[in-house]
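Report on the structure given below.
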2 protein chains.
Amino acid sequence: MKQPTICPKFEKAISLLSQRWTALVIYQLLLGPQRFNEILSSIGISGKVLSDRLKELEYQGLVKREVIPETPVIIEYSLTEKGQSIEPILRTIENWSQLWVKEESDSTEN
Amino acid sequence: MKQPTICPKFEKAISLLSQRWTALVIYQLLLGPQRFNEILSSIGISGKVLSDRLKELEYQGLVKREVIPETPVIIEYSLTEKGQSIEPILRTIENWSQLWVKEESDSTEN
DNA sequence: ATACTTACTTACATAAAGTAACTTAATTAG
DNA sequence: CTAATTAAGTTACTTTATGTAAGTAAGTAT
């Protein structure tokens with residue numbers, strides 16, 4: 001019964017990053033500020049969930065939502081400093097994936 | 001319409017790691033080989049999902065399930081080399097969490 | 001006036017996760 | 001010997017998360 005107990009900060013980080021789509025949304029925003037529909041069509045997420053994720057990420061301070069008063073108005077999402085700070089994590093995953101992930105063969109062989 | 005298209009290996013890695021509990025199970029196994037109930041009680045996962053995750057991780061080649069024929073039999077889960085190779089990812093997250101995650105205050109203040 | 005675009009929201013359907021009880025085999029307690 | 005306990009799961013059922021598709025409001029284009 002002497003579990004070392006997992007660090008709550010680490011757990012919080014994990015639960016954020018292991019929500020479906022969160023990492024990909026951030027990854028996409030690393031390419032630069034983007035609008036709702038751009039993110040939507042760049043990854044396979046649904047509008048409903050993207051909307052949820054962006055709100056959550058904004059709430060967590062990783063993403064900034066900016067209303068640009070051109071006509072018509074443009075709504076732009078971008079990473080905050082905290083959001084940018086996720087980059088090394090994603091690069092490490094990217095790296096790992098190149099070394100260890102086999103590409104799915106989508107031929108009919110089974 | 002010229003989405004650069006996300007690398008399928010990276011996407012596969014993300015979809016593996018962003019499954020709930022997967023990262024924590026691996027993190028726990030970094031401490032050494034463990035039995036089902038040890039993992040179960042070290043993180044807040046349910047038996048059903050742990051069972052699913054271990055099967056998936058075994059299938060993906062990250063975890064090895066070993067039946068040790070003592071009496072009574074012991075079933076031990078451990079990381080393969082591929083499983084171990086996830087460590088840098090988790091360390092990067094750990095690091096990030098120390099720098100950027102605020103501990104939840106669980107006092108009654110709101 | 002009609003149709004289209006952007007940035008969403010809503011209602012409903014399906015999939016994933018949580019809960020708790022149950023199983024099987026073996027072990028120990030009384 | 002019988003009852004209770006442990007390990008490693010599984011099963012049935014509930015709740016939560018995600019997906020799908022249609023709808024909305026404001027503005028633009030034709």
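These numbers come from a predicted model, not from an experiment.
The side chain of B:Gln19 lies closest to C:dA17, out of C:dA26, C:dA17, D:dG27. Which of D:dT18, D:dT10, C:dC8 sits closest to the side chain of A:Ile75 comes down to C:dC8. Of the candidates D:dA7, D:dT28, C:dG18, D:dA7 carries the atom nearest the B:Asn37 side chain, counting heavy atoms from C-beta on.
If you measure from atom CD of A:Gln34 to atom C1' of C:dT6, you get 15 Å, rounded to the nearest angstrom. Rounded to whole Å, the distance from CG on A:Leu50 to C1' on C:dT6 is 13 Å. As a whole-Å value, the separation of B:Leu24 CG from C:dG18 P is 11 Å. Here the P atom of nucleotide D:dT20 and the CG atom of A:Leu40 are 12 Å apart, to the nearest Å. Atoms CZ (B:Phe36) and P (D:dT10) sit 8 Å apart, rounded to a whole Å. Note: CG (A:Asp52) to P (D:dG19) measures 10 Å, nearest angstrom. Rounded to whole Å, the distance from CD1 on B:Ile74 to C1' on C:dA25 is 15 Å. For the pair A:Ile43 CD1 and D:dG19 C1', the computed distance is 14 Å after rounding to whole Å.
In this structure, B:Lys48 and A:Leu54 both approach DNA chain C, and ranking their closest nucleotides by distance from the 5' end singles out A:Leu54.
For the OP1/OP2 pair of C:dT9 and a distance below 4.0 Å, the side-chain nitrogens and oxygens of A:Lys55 include at least one atom meeting the criterion. Remark: B:Arg20 is not in phosphate contact with C:dA16, judged by side-chain N or O atoms under 4.0 Å from OP1 or OP2. For D:dG9, neither phosphate oxygen OP1 nor OP2 lies less than 4.0 angstrom from any side-chain nitrogen or oxygen of B:Ser51. Note on B:Trp21: every side-chain N or O is 4.0 Å or more away from OP1 and OP2 of C:dA16. Remark: B:Ser46 is not in phosphate contact with C:dA20, judged by side-chain N or O atoms under 4.0 Å from OP1 or OP2. When the side-chain nitrogen and oxygen atoms of A:Arg65 are compared with OP1 and OP2 of C:dA7, none of them lie within a distance under 4.0 Å. Between D:dG9 and B:Tyr77, a contact under 4.0 Å exists linking OP1 or OP2 to a side-chain N or O. For A:Arg35 and C:dC8, the shortest distance from a side-chain N or O to OP1 or OP2 is not below 4.0 Å.
More than 12 heavy atoms of other residues, nucleotides or ligands shown are found within 6.0 angstrom of NZ on A:Lys82. By the neighbour-count criterion of 12 heavy atoms within 6.0 Å, atom NZ of B:Lys64 is sparsely surrounded, having that number or fewer from other residues, nucleotides or ligands.
A:Glu94 and A:Arg91 are joined by a salt bridge, as a carboxylate oxygen and a charged side-chain nitrogen come within less than 4.0 angstrom of each other. Salt bridge annotation for A:Arg53-A:Glu56: absent, with no cationic side-chain nitrogen under 4.0 angstrom from a carboxylate oxygen.
Inter-residue side-chain proximity for A:Ile75 and A:Ile68 is flagged as unmet; no heavy-atom pair is nearer than 4.5 Å.
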